[in-house]
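Structure record follows, encoded as structure tokens.
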Amino acid sequence: QVQLVESGGGLVQAGGSLRLSCAASRRIITTGRYDMGWFRQAPGKEREFVAAITWSGVTTRYADSVKGLFTISRDNGKKMVYLQMNSLKPEDTAVYYCASGVDKTSMRAEYWGQGTQVTVSP
């Protein structure tokens, strides 16, 4: 079992930045998966993949909609993963979820956090 706790969400104006954090209850290293990832769910929409990272931090993957704008990183010593979000747009408004054990094909995760709300005003 893994507990994941997100923080850092809030209200920001379009063009602004936010940094989300996710604290894991234990160190996460998987085989053949992205160890950690971020997903989001906007009102009335399905949950979608945002970004993922392997334990080494060398391999990352991003949704096309956030490439060049968002950056995922991790600190294994602190058991933390981060999502730096720049140039935010109103369409980025969603609940953002931290996840672990993300399958590289299905993009399904093994464990989820409770989510943190990000609201981007026009």
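Just so it is clear, the structure is predicted and the values come from calculations on it, not from any experiment.
- For K78, the NZ atom counts as loosely surrounded, since its 6.0 Å shell holds 12 or fewer non-hydrogen atoms of other residues, nucleotides or ligands.
- Taking CG from D35 and OG1 from T30, the interatomic distance works out to 3.5 Å, rounded to the nearest 0.5 Å.
- For M107 against K104, the heavy-atom pair with the smallest separation is SD-O, 3.7 Å.
- Legend: residues meeting ring pair (Phe, Tyr, Trp, His ring centres under 6.0 Å) with F49, ordered by chain and number and at least two apart, are F39.
- Scanning both residues, R33 and R108, for their nearest heavy atoms gives NH1-O, 3.7 Å.
- Considering every non-hydrogen atom in both Q117 and A94, the closest pair reads NE2-O, 3.4 Å.
- Transitive grouping of hydrophobic side chains (ILVMFWY, heavy atoms separated by less than 4.5 Å) keeps V118 and Y97 in distinct clusters.
- Here the side chain of T119 pairs no donor or acceptor atom with the backbone of T93 at under 3.5 angstrom.
- Atoms OG and CZ, on S21 and R74 in that order, are 14.0 Å from each other to the nearest 0.5 Å.
- The minimum heavy-atom distance between E6 and Y96, with the atom names listed, is OE2-O, 4.0 Å.
- Figure legend: cation-pi geometry between R61 and Y34 absent, as NZ or CZ is not positioned both under 6.0 Å from the six-membered ring centre and within 45° of its axis.
- Among all heavy-atom pairs drawn from A109 and S100, the shortest one is CB-O, 3.7 Å.
- More than 12 heavy atoms of other residues, nucleotides or ligands sit less than 6.0 Å from atom CD of E91.
- Here the straight-line distance linking atom NZ of K79 with atom CZ of R27 works out to 10.5 Å at 0.5 Å rounding.
- With sequence neighbours left out, A23 forms a side-chain contact (heavy atoms from CB on, under 4.5 Å) with M80.
- Side-chain heavy atoms closer than 4.5 Å link hydrophobic residues (I, L, V, M, F, W, Y) into clusters, and following such links, even through other members, never connects V95 to V50.
- Atom CD of E48 has more than 12 neighbouring heavy atoms from other residues, nucleotides or ligands inside a 6.0 Å radius.
- Under the rule for a side chain to side chain donor-acceptor pair (under 3.5 Å), S87 has no partner lying at least two apart in sequence or in another chain.
- In terms of heavy atoms, C98 sits closest to L4 at O-CD1, 3.8 Å.
- To the nearest 0.5 Å, atoms CZ (F70) and CG (L20) are separated by 8.0 Å.
- For W112, the CH2 atom sits in a packed shell: over 12 heavy atoms of surrounding residues, nucleotides or ligands are nearer than 6.0 Å.
- A salt bridge does not link K89 to D92: none of the charged side-chain nitrogens sits closer than 4.0 Å to a carboxylate oxygen.
- Atom OG of S7 and atom CZ of R19 lie 9.5 Å apart (nearest 0.5 Å).
- In this structure, the side chains of I28 and E110 stay at 4.5 Å or more apart for every pair of heavy atoms.
- Here the CE-CH2 distance, from M36 to W55, works out to 15.0 Å after rounding to the nearest 0.5 Å.
- Under the 4.5 Å side-chain heavy-atom criterion for grouping Ile, Leu, Val, Met, Phe, Trp and Tyr, V66 is not connected to V102 through any hydrophobic cluster.
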Item to complete: Apply side-chain contact (heavy atoms from CB on, under 4.5 Å) to the pair Y82 and T71, showing each step before the final yes or no.
Response: CA-CA 8 Å; Y82 307 98; T71 302; over 6 Å; no
Worksheet entry | Candidate pair L83 and R40, rule side-chain contact (heavy atoms from CB on, under 4.5 Å), full reasoning | CA-CA 12 Å; L83 185 68; R40 66 186 181 186; over 6 Å; no
Discussion item. side-chain contact (heavy atoms from CB on, under 4.5 Å), that's the test. Do W38 and V81 meet it? Break it down for me.
Written reply: CA-CA 9 Å; W38 288 94; V81 64; 4.0 Å; yes
